[in-house]
Amino acid sequence: MALSDCKIITLPKIVDPRGNLTVAEQSKEVPFDIARVYWTYDIPSGERRGGHAHRTCEEVIIAASGSFDVTLDDGCGNRQVYHLRHPWQGLYVGTGIWRTLEDFSTGAVCLVLASEMFDEQEYIYDYDELRALAAQK
């Protein structure tokens, strides 16, 4: 997948004086069937998350609370940084894209919708391996 295929998705925001509501429906706003949902929180100041790519898993990354930066890298020298701060927006990240999450605000919650169940073999943790795979395309 190309870095240009990664993009911000605006999710429906239902404004209500009692509190707002946002939904994410598979194969509608989210361009895949959702197989797994996970979130990270209580991230210490200065820490990074991510540091990997996926062979087959697609994801939508959402700042459910607070804010953080997501740096995407296609392994060919192309990078893009996204600052996520709105719970009604998600960042679609396709396969073969390295992601690093950092600069978490206090109380940030990163919510991820994933197209695949967890499988350790599906992850690419070695950046040089990603570069070699990207060069084959």
Side-chain angles (χ1 to χ4, degrees):
M1 176 153 294
L3 191 60
S4 60
D5 294 325
C6 299
K7 62 184 178 189
I8 294 289
I9 297 170
T10 300
L11 303 167
K13 178 181 178 184
I14 300 141
V15 178
D16 187 301
R18 301 169 297 163
N20 299 333
L21 172 75
T22 293
V23 298
E25 296 179 322
Q26 65 187 19
S27 302
K28 193 172 178 185
E29 294 85 20
V30 177
F32 52 79
D33 288 341
I34 300 166
R36 179 170 57 121
V37 176
Y38 65 93
W39 51 98
T40 60
Y41 53 93
D42 293 340
I43 299 149
S45 178
E47 286 297 321
R48 290 182 167 184
R49 298 291 307 196
H52 62 268
H54 291 281
R55 298 176 197 284
T56 59
C57 186
E58 301 169 81
E59 293 183 333
V60 172
I61 302 170
I62 301 167
S65 182
S67 65
F68 52 88
D69 291 338
V70 181
T71 302
L72 302 181
D73 183 324
D74 65 1
C76 297
N78 302 306
R79 288 185 174 179
Q80 178 73 44
V81 178
Y82 294 88
H83 182 68
L84 299 183
R85 65 183 175 277
H86 301 299
W88 65 88
Q89 291 182 329
L91 174 60
Y92 170 73
V93 182
T95 59
I97 302 293
W98 193 268
R99 81 276 330 270
T100 305
L101 291 72
E102 57 193 340
D103 294 328
F104 290 88
S105 68
T106 300
V109 177
C110 173
L111 175 70
V112 181
L113 311 175
S115 66
E116 307 288 331
M117 299 295 285
F118 178 77
D119 177 2
E120 186 76 27
Q121 301 303 312
E122 191 271 332
Y123 283 68
I124 302 169
Y125 289 114
D126 182 342
Y127 185 75
D128 288 335
E129 179 183 355
L130 176 69
R131 290 182 64 208
L133 291 169
Q136 293 174 2
K137 292 181 183 178

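Model, not experiment: these values are computed from the prediction. We use all heavy atoms of the structure for the numbers below, so side chains are in, but hydrogens, waters and symmetry mates are not.
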**OP:** Dump the intermediate steps for salt bridge (charged side-chain N to carboxylate O under 4.0 Å, His left out) on E102 and R49, then the final yes or no.
**Re:** CA-CA 7 Å; E102 57 193 340; R49 298 291 307 196; over 6 Å; no
**OP:** Please answer whether the main-chain N or O of S67 pairs with a side-chain N or O of S105 as donor and acceptor at a distance below 3.5 Å.
**Re:** yes
Subject >> Whether E122 side chain and T56 backbone form a donor-acceptor pair below 3.5 Å >> reply: yes
Original post:
What heavy-atom pair brings I62 and G90 nearest, and what distance separates the two atoms?
Top reply: CG1-CA, 3.8 Å
Original post:
Looking at A63 and G66, what are the two nearest heavy atoms and their distance?
Top reply: CB-O, 3.7 Å
Original post:
Out of curiosity, does V37 fall in the hydrophobic cluster containing V109 (side-chain heavy atoms, cut-off under 4.5 Å, transitive links)?
Top reply: yes
Subject >> Side chain proximity check, C57 to T95, heavy atoms < 4.5 angstrom >> reply: no
Original post:
Rounded to the nearest 0.5 Å, how far apart are CG of D42 and CD of E47?
Top reply: 12.5 Å
Original post:
Only one of V60, L113, L11 clears side chain to side chain contact (heavy atoms under 4.5 Å, CB included) with E29; which?
Top reply: L11
**OP:** Check the hydrophobic clustering (I, L, V, M, F, W, Y; side-chain heavy atoms under 4.5 Å; chains of links allowed) and say if F32 and F118 are grouped together.
**Re:** no
Subject >> Pairs involving residues 112-121, ordered by first then second residue, that meet side-chain hydrogen bond (donor to acceptor under 3.5 Å, both in side chains) (sequence neighbours left out) >> reply: E120-Y125
Subject >> Rounded distance [0.5 Å steps], CG in D126 versus NE2 in H52 >> reply: 14.0 Å
Subject >> R79, CZ: over 12 other non-hydrogen atoms inside 6.0 angstrom >> reply: no
Subject >> Under 3.5 Å: donor-acceptor pair, side chain of D74, backbone of N78 >> reply: yes
Subject >> Linked hydrophobic residues, L84 as query - side chain contacts closer than 4.5 Å >> reply: L3, I8, Y38, I43, I61, F68, V70, L72, Y82, L91, V93, I97, L101, F104, V112
Subject >> Check: P87 and T22 side chains under 4.5 Å, non-hydrogen atoms >> reply: no
**OP:** Identify the heavy atoms of G107 and S65 that sit nearest to each other, and give their distance.
**Re:** O-OG, 3.6 Å
Subject >> Minimal non-hydrogen separation, A134 against C76, with atom names >> reply: CB-SG, 3.6 Å
**OP:** Can you run down the side-chain hydrogen bond (donor to acceptor under 3.5 Å, both in side chains) pairs that involve residues 84-93, sequence neighbours left out, and say none if there aren't any?
**Re:** E58-Y92
Subject >> Smallest separation among heavy atoms of V30 and A24, with atom names >> reply: CG2-CB, 3.9 Å
Original post:
Has R48 got more than 12 heavy atoms of other residues, nucleotides or ligands less than 6.0 Å from its CZ?
Top reply: no
Original post:
Given side chains that start at C-beta, do those of R55 and L133 come closer than 4.5 Å, heavy atoms only?
Top reply: yes
Original post:
Rounded to the nearest 0.5 Å, how far does CG of D69 lie from OG1 of T71?
Top reply: 6.5 Å
Subject >> In one Ile/Leu/Val/Met/Phe/Trp/Tyr side-chain cluster, 4.5 Å: L111, V23 >> reply: no
Original post:
Aromatic rings Y127 and W98: how do their planes relate, parallel, tilted or perpendicular, breaks at 30° and 60°?
Top reply: perpendicular
